[in-house]
Amino acid sequence: MDPAERRNRLNLYRRSLAEVNSQTRLAAMEITRAANQWVCDLVAYEPGKPIEETARELGLEPGDIIKLASNENPLGPSPKAKEAMAAEIERAHLYPDGGGYALRSALAEKYEVKFENVVLGNGSNEIIELLCHSFMKPGAALIAAEHAFVVYKLMATLFGADYIEVPDPGFVHDLDAMAKAITPETRLVFIANPNNPTGTLVGQKEIDRFVEALPEHVVAVFDEAYYEFLPDPPDTLKHVRAGKNVVVMRTFSKAQGLSALRIGYGITTAAITGLLNRARQPFNANAMAQAAALASIQDEEHIAETVANNAEGIRFFQQAFEDRGWEYVPSFANFVLVNVKDGDRVFGGLLKKGIIVRAMRGYKLPEWVRISVGTPEQNQRCLEELDGLLAD
Ligand SMILES: Cc1ncc(COP(=O)(O)O)c(C=O)c1O
């Protein structure tokens, strides 16, 4: 091919490439117009800042960073769970047990419910999603408290449903007000107990009154992600056993320290697990997660250590805040919400020192940060840096 012909062909090729690129850009623009408006309007969930990203930004080693941002277990997973995970590696070429037989059986035995009352999720977040798949659509409504866990709002919005926020005086869910907010359109009411990010708890009497008055077209969902940290937890499973439209959600991400594996579960009536099982992907709970979860529920010693470390950490932070006259919300979970006047400034200041906490602007609490309990050394370092930032 002579050079002129080659140049000609190259130019033609470049022009057609430019054309394709501009068409693709146009298509990308247009395709969002074709998408569901409620998805376009969603503000994506912002997780706690990862350790690796912070280390890169600060030029530090990941081991120098303290993450107190996502309510994880500072002691790590149970040694028994680690062993189970290692054994599971050999079977990584096989699909997991989609029915989750061993784990669901163990959970059913532990909580004195039937096998068909248990459904597994890819984290308990997936149980929220499966409930929304089953009950949410444009025109339907989900009720939650004003400062409830933000994923309820994300999910209701994702399904084009209405999200009804009920005021929570003193950051405590007001179940009577939530009952009054129920309409013929309501399908789901979420009660995070303890709630994240407030750490507050509603008691047995309020729960029982709420469930007794629940209309037949509504499902009450008790999100008990922090259940293991409660010395005297309210009994919500009795309502499941009595056949009420109640879902109890729990997770292996918190006290059991398996956040990375994504495994949670719901306990509810067979009618509701039937719906959730239809809505879920066949292999939503992966094999490594199922094996680790099964081992960790059998490791009561690790849970006891975790709970003791947490109780000590909560005491430490709350006493320190008390001594300094800082407003905080007494917590029943593994984190504390504290008023630092300017949450973004304190978040940024701590980050520069290699400590990641959670700013609360997204929860309409710009003055507050949420601090997860770490090891005693991590808690101490966090408090010293807070002192440095808040000294006047
Ligand atoms: C109240 C509450 N529910 C559910 C979850 C979801 O946990 P996971 O999906 O890791 O089980 C969290 C996690 O932060 C939470 O705080």
Side-chain angles (χ1 to χ4, degrees), residues 45-50 67-74 76-77 81 100 103 107 118-132 142 144-156 158 168 171-173 188-202 220-230 233-234 236 247-268 276 280-281 284-286 288-290 292-293 296-297 306 310 329 331-337 356-360 362-363 365 370-373:
Y45 179 76
E46 209 179 305
K49 212 170 154 61
K67 187 174 176 221
L68 304 177
S70 301
N71 309 336
E72 294 147 335
N73 185 341
L103 181 57
L107 288 166
V118 185
V119 58
L120 302 181
N122 188 260
S124 56
N125 265 344
E126 198 197 16
I127 304 293
I128 305 173
E129 187 176 346
L130 298 178
L131 283 162
C132 289
L142 183 155
E146 187 180 352
H147 298 100
F149 183 48
V150 72
V151 173
Y152 314 144
K153 184 177 188 169
L154 285 179
M155 289 296 164
L158 191 59
D168 48 4
F171 294 123
V172 183
H173 281 44
L188 297 171
V189 182
F190 274 83
I191 297 137
N193 210 33
N195 181 43
N196 172 19
T198 59
T200 52
L201 187 77
V202 286
V221 187
F222 291 93
D223 180 347
E224 300 182 350
Y226 304 94
Y227 172 82
E228 289 83 353
F229 296 110
L230 296 173
T236 42
V247 179
V248 176
M249 274 173 37
R250 293 184 191 157
T251 180
F252 288 93
S253 297
K254 308 299 176 183
Q256 274 95 352
L258 299 177
S259 318
L261 298 183
R262 314 303 304 124
I263 181 92
Y265 54 100
I267 301 180
T268 182
L276 305 190
R280 73 179 173 85
Q281 295 270 338
N284 62 330
N286 72 75
M288 182 107 33
Q290 289 188 40
S296 76
I297 44 177
T306 300
N310 188 62
V329 184
S331 174
F332 287 87
N334 64 346
F335 52 82
V336 190
L337 192 62
I356 316 172
V357 297
R358 196 69 160 261
M360 286 285 111
Y363 279 92
L365 298 169
R370 190 196 67 198
I371 303 174
S372 308
V373 170

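The figures that follow rest on heavy atoms only: side chains count, while hydrogens, waters and symmetry mates do not. Everything numeric in this text was worked out from a predicted model, so none of it was measured. Ligands are counted one by one from 1 in listed order, and the atoms in each one are counted from 1 as well.
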Find all protein N or O atoms under 3.5 angstrom from an N or O atom of ligand 1 and list the pairs with distances, or write 'none'.
{"from": "ligand 1", "atom 1": "3 (N)", "to": "Asp223", "atom 2": "OD1", "distance (Å)": "3.1"}
{"from": "ligand 1", "atom 1": "3 (N)", "to": "Asp223", "atom 2": "OD2", "distance (Å)": "2.6"}
{"from": "ligand 1", "atom 1": "7 (O)", "to": "Ser124", "atom 2": "OG", "distance (Å)": "3.4"}
{"from": "ligand 1", "atom 1": "9 (O)", "to": "Ser124", "atom 2": "N", "distance (Å)": "3.2"}
{"from": "ligand 1", "atom 1": "9 (O)", "to": "Asn125", "atom 2": "N", "distance (Å)": "3.0"}
{"from": "ligand 1", "atom 1": "9 (O)", "to": "Arg262", "atom 2": "NH2", "distance (Å)": "2.7"}
{"from": "ligand 1", "atom 1": "10 (O)", "to": "Ser253", "atom 2": "OG", "distance (Å)": "2.6"}
{"from": "ligand 1", "atom 1": "10 (O)", "to": "Arg262", "atom 2": "NH1", "distance (Å)": "2.8"}
{"from": "ligand 1", "atom 1": "10 (O)", "to": "Arg262", "atom 2": "NH2", "distance (Å)": "3.3"}
{"from": "ligand 1", "atom 1": "11 (O)", "to": "Ser124", "atom 2": "N", "distance (Å)": "2.7"}
{"from": "ligand 1", "atom 1": "11 (O)", "to": "Ser124", "atom 2": "OG", "distance (Å)": "2.8"}
{"from": "ligand 1", "atom 1": "11 (O)", "to": "Thr251", "atom 2": "OG1", "distance (Å)": "2.5"}
{"from": "ligand 1", "atom 1": "11 (O)", "to": "Ser253", "atom 2": "OG", "distance (Å)": "3.4"}
{"from": "ligand 1", "atom 1": "14 (O)", "to": "Lys254", "atom 2": "NZ", "distance (Å)": "2.9"}
{"from": "ligand 1", "atom 1": "16 (O)", "to": "Asn196", "atom 2": "ND2", "distance (Å)": "2.7"}
{"from": "ligand 1", "atom 1": "16 (O)", "to": "Tyr226", "atom 2": "OH", "distance (Å)": "2.6"}

Item checked: Residue among Asp223, Ile267, Asn125 satisfying side chain to side chain contact (heavy atoms under 4.5 Å, CB included) with Met249 -> Asp223

Side-chain donor or acceptor of [X] paired with backbone N/O of [Y] under 3.5 Å:
| X | Y | value |
| --- | --- | --- |
| Gln290 | Leu103 | no |
| Asn193 | Val202 | yes |
| Asn334 | Phe229 | no |
| Asn286 | Leu261 | yes |

Notebook entry, point to check: Taking only residues two or more places apart in sequence, or in another chain, which ones meet Arg250 in a salt bridge (charged side-chain N to carboxylate O under 4.0 Å, His left out)?
Noted result: Glu224

